[in-house]
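Below is one structure; the comments refer to it alone.
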Amino acid sequence: MKKLFFLLIGLTFISSCRNSHSNKFSVSGTVDGVKIGKIYLQRLQDSILIDVDSALFNGNSDYTLTTDLDQTQIMYLHLDVNDGTDFNDRLLFFAEDTTMTINSSWDKFEKDAVISGSKNQDIYTEFRKNSDPLDKVYTDLVKRSLSLTDETRTVAITDSINAAYDKYLRKKVLHAINYAQLHKEKEVAPYILINEASEANPILLDSVYQKMPKKIQTTVYGKQLSELIKKSKSNL
């Protein structure tokens, strides 16, 4: 009886150990040039960024951060080195149930970041890179609009800017939908649609959503996309 009792305890212990590590996420890397400071691993909770782990830099430039991760999701690295900047020191990335590596530099933390270990991140990086020409079009349109004065803001010019914006928006939405359809079996697909194609016709969004596997539809971003579609349809 004692042997059976201890055997059950042993099996329970082994099982709990496996479960405790099955969703463990780790990200490590090097931030070139940093000497003193702190780096935080953050996630969104109720629309608020919270710290889930942190590491100190004190003459070294390497770090390792860990947390429990129940599903693939967006997380952030926040570098605090008291350099007078804030926004450019926060890096968005797709965290997966694996070990990831993110290397960068202290003065160009977001721009110089090289991220590896996440297939969703690879897809998202490619998507953002291919979106650069569209982002430039949008930036130019905003600059053009802001440069106008009451005297120069004629009806013809305003109509021209609005037409150019509508054209940009159609291309932006189509670009996002194409990527989502191409990678519909990854968590990044609904995320892209939520953030880059929310203006699309909900019927079109729903057609893409219905082609996603159930495992993607039931993720945090799949559920958010479903809610977006329902809300948009109710406003038709």
Side-chain angles (χ1 to χ4, degrees), residues 20-135 175-176 179-180 182-183 185-196 216 219-222 224:
S20 65
H21 292 287
S22 62
N23 295 323
K24 203 67 177 179
F25 168 75
S26 174
V27 57
S28 59
T30 300
V31 182
D32 288 337
V34 69
K35 297 299 180 182
I36 296 177
K38 198 169 186 179
I39 190 168
Y40 299 86
L41 180 62
Q42 301 176 321
R43 65 154 49 100
L44 276 174
Q45 181 173 303
D46 299 326
S47 302
I48 298 174
L49 276 176
I50 62 168
D51 301 332
V52 295
D53 198 10
S54 63
L56 281 170
F57 294 113
N58 190 10
N60 65 305
S61 58
D62 299 328
Y63 70 91
T64 298
L65 301 165
T66 61
T67 189
D68 290 326
L69 190 69
D70 58 355
Q71 63 177 297
T72 298
Q73 61 182 271
I74 287 292
M75 297 192 77
Y76 299 82
L77 284 184
H78 173 52
L79 181 65
D80 184 6
V81 292
N82 297 320
D83 61 353
T85 64
D86 184 22
F87 180 78
N88 290 331
D89 294 340
R90 183 170 283 109
L91 173 68
L92 174 154
F93 68 98
F94 259 94
E96 294 188 24
D97 181 17
T98 182
T99 298
M100 293 184 63
T101 301
I102 302 180
N103 296 318
S104 191
S105 62
W106 74 270
D107 56 338
K108 296 179 181 178
F109 186 60
E110 184 178 7
K111 184 178 180 181
D112 289 350
V114 178
I115 307 172
S116 60
S118 167
K119 293 181 179 179
N120 278 279
Q121 179 61 43
D122 292 341
I123 295 168
Y124 189 63
T125 298
E126 180 186 38
F127 171 77
R128 292 306 327 162
K129 182 178 180 181
N130 291 329
S131 297
D132 284 347
L134 287 172
D135 294 340
H175 175 57
Y179 252 84
L182 185 62
H183 303 287
E185 295 186 356
K186 294 294 182 182
E187 291 85 350
V188 67
Y191 179 84
I192 287 176
L193 292 180
I194 293 167
N195 289 276
E196 303 292 337
I216 300 301
T219 62
V220 59
Y221 303 121
Q224 290 177 8

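Taking the side chain as every heavy atom from C-beta outward, Tyr63 and Val27 approach each other to under 4.5 Å. At a threshold of 4.5 Å between non-hydrogen side-chain atoms, the residues Asp135 and Arg128 count as touching. Looking at Phe25 and Leu41, their side chains come closer than 4.5 Å, going by heavy atoms from C-beta outward. Annotation: side chain of Lys119 is not in contact with side chain of Phe94 (no heavy-atom distance under 4.5 Å). When side chains are defined from C-beta on, Leu49 does not count as touching His78, because their heavy atoms never get closer than 4.5 Å.
Taking both residues in full, the closest heavy atoms of Thr72 and Tyr221 are given as O-CE1, 4.1 Å, listed atom of the first, atom of the second, then distance. Scanning all heavy atoms of the two residues, the minimum distance from Leu69 to Asp97 falls at CD2-N, 3.8 Å. The shortest non-hydrogen separation linking Ile216 to Glu185 is CD1-O, 3.4 Å. What you find for Ser105 and Val31 is that their closest heavy atoms are C-CG1, 3.7 Å. Here the shortest heavy-atom pairing between Ile39 and Leu65 reads O-CD2, 4.1 Å.
Taking NZ from Lys35 and CG from Asn60, the interatomic distance works out to 9.0 Å, rounded to the nearest 0.5 Å. To the nearest 0.5 Å, the span separating CD1 on Ile102 from CG on Leu91 amounts to 5.5 Å. Distance check, rounded to the nearest 0.5 Å: CE of Met75 to CE of Met100 gives 10.5 Å. Between atom OG of residue Ser104 and atom NZ of residue Lys111 there is a gap of 11.0 Å, rounded to the nearest 0.5 Å. Atom CG in Leu193 sits 12.0 Å away from atom CD in Gln224 (nearest 0.5 Å).
Thr99 pairs by the side-chain contact (heavy atoms from CB on, under 4.5 Å) definition with Ser26, not counting sequence neighbours. Leu92 meets the side-chain contact (heavy atoms from CB on, under 4.5 Å) test with Ile74, Tyr76, Tyr124, Tyr191; sequence neighbours excluded. For Ser118, the side chain to side chain donor-acceptor pair (under 3.5 Å) partners are Glu96, not counting sequence neighbours. Considering only residues two or more places apart in sequence or on other chains, Ala176 meets the side-chain contact (heavy atoms from CB on, under 4.5 Å) condition with Phe127, Ile192, Glu196, Ala197. Listed by chain and number, the residues in a salt bridge (Lys or Arg N to Asp or Glu O under 4.0 Å) with Arg43 amount to none (sequence neighbours excluded). Scanning for side chain to side chain donor-acceptor pair (under 3.5 Å) contacts around Asp32 gives an empty result, with sequence neighbours left out. Qualifying side chain to side chain donor-acceptor pair (under 3.5 Å) partners for Asn130, counting only residues two or more places apart in sequence or in other chains: Tyr179. For His175, the side chain to side chain donor-acceptor pair (under 3.5 Å) partners two or more places apart in sequence, or in a different chain, are Ser131. Residues meeting the side-chain contact (heavy atoms from CB on, under 4.5 Å) test with Asp62, sequence neighbours left out: Thr30.
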Going by atom type alone, with no hydrogens or angles, which donor-acceptor pairs under 3.5 Å involve a side-chain atom of residues 50-57 and a protein atom two or more places apart or on another chain?
unit_1	atom_1	unit_2	atom_2	d
Asp51	OD1	Gln42	NE2	2.8
Asp53	OD2	Thr66	N	2.8

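A donor-acceptor contact shorter than 3.5 Å is absent between the side chain of Asp80 and the backbone of Lys38.
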